[in-house]
Trainee: 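Before anything else, here's the structure in question.
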Amino acid sequence: MLLEIENLLRLQDADKEIRRLQDEIAELPKRVAAIEHKLADTKAGLEKAQAAVKADEASRRKYDTTITDLRSKISKYRDQSLDVKTNEQYKALLHEIQFAEKEIAATEDKILELMVNADARDKEVKAAQAELKAEAAEIEKEKIEARQRTAEDEKQLAEWRGKRDQMRAGVNEDLLRHYERVSKFRGTGISEVLDHKCMGCQVMLRPQTYNDVRTGQQTVVCDSCQRVLYFNPANEMQALEPEHKRSRRHHPKIDAPQAWYYRQEFGEAGEVFMCFNNAAGQATRRVFDMHTGRLVGDILIREGDFRHAFPEDITGAIRLNGSWAEREMETWGTEMPMTALDSLHVDLEAAQYEMRTRAAAKSETPVPAPPQHAPS
Ligand SMILES: [Zn+2]
């Protein structure tokens, strides 16, 4: 391999690490802001519950006054009834007294209702207070962690920038400019050639280009994606494993909590790898650009298991092997590591190869095909 290429590969590693650190540094305040937002919501909830308690207390006082007033009215009517001259006057007073008594009973019912509600209100307030306390403690912890992580990241970033500057000095100026321009647009500026294909864009190379890359006498760029190409004989050997070995592809378990898929079309993103995780009754979906390994869009979370939560994504997609701990994936940030991306590419190739050979052999377990082509 050309020394230039080796330097460029090291430079690419440095660039990746720098990007990862920069992304992580940018992400940390967002996480803190999200928790702070939640904290504000809980605070508002508590204030609402407390206001409801106050309103109930005010109503209670109002009802108590109403009852006192009605009672004094009744006693006034009773006094008056002693002095009445006619039967009609007496009846009228009696009617007033009955009316007031009814009102007292109705008001007492309202007070009882308030007392029953008070228990529930009390629970609401206590729950909101406990939640607030827990969230406040969590946010403090997160802030401290974010600060420490940021400081550590900044330190590493400075080191990597220093290393990168040294590496840049080891690469020819024109090549460096080309590499940086392509990196800016495509996420990576250098790509391996395997099985006559550019691994960056998956396009077959012309025979002359392929030979130029293999001989390694000069730097060659991909006609299709413009990435600088290199060839590693050790990897090529693996890619060209005997067919019987390939056909023994390990098959993903149907009930695994994590599942990877390849989709040919995903909106504007084109070809993507999708990862679904089932945990605690929820399904999480991550989508990655299949060439750069960059995260496409937001991480989605839906209720239920992923087959039911994201049926539209799985239909027509190719299931792949791949399993990374959720905790590890969280450290990926906005880009999956090259090792993960490579293993998905290798498995996709194997899966596609398997599908082609199966279709050709028309075996008993046919490849998924549209209904009209499916054997009966
Ligand atoms: Zn290419």
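Remember, it's 1-based here, ligands and their atoms both numbered in the order they're listed.
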Trainee: Could you tell me the separation between the CG atom of L9 and the CD atom of E6, rounded to the nearest 0.5 Å?
Mentor: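 So the CG of L9 and the CD of E6 are separated by 8.0 Å.
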Trainee: Would you be so kind as to tabulate the donor-acceptor pairs closer than 3.5 Å made by side chains of residues 46-64, with sequence neighbours excluded?
Mentor:
from: D56; atom 1: OD2; to: R121; atom 2: NE; distance (Å): 2.8
from: S59; atom 1: OG; to: A55; atom 2: O; distance (Å): 3.0

Trainee: Using 30° and 60° as the class boundaries, would you call the ring planes of Y210 and F231 parallel, tilted or perpendicular?
Mentor: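 If you compare the ring of Y210 with that of F231, the planes turn out perpendicular.
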Trainee: With a 4.5 Å heavy-atom cut-off, do I314 and Y261 have their side chains touching?
Mentor: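 SC-SC contact between I314 and Y261 confirmed.
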Trainee: Could you count the protein N, O or S atoms found under 2.8 Å away from the Zn ion (ligand 1)?
Mentor: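 Those protein atoms number 4 in total.
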Trainee: Establish, from distance only, whether the side-chain atoms of N117 and E113 form a donor-acceptor pair under 3.5 Å.
Mentor: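 The answer is no; no qualifying pair exists.
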Trainee: Applying the salt bridge (Lys or Arg N to Asp or Glu O under 4.0 Å) criterion to E335, which one of R19, R286, R20 satisfies it?
Mentor: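 Only one option passes, and that is R19.
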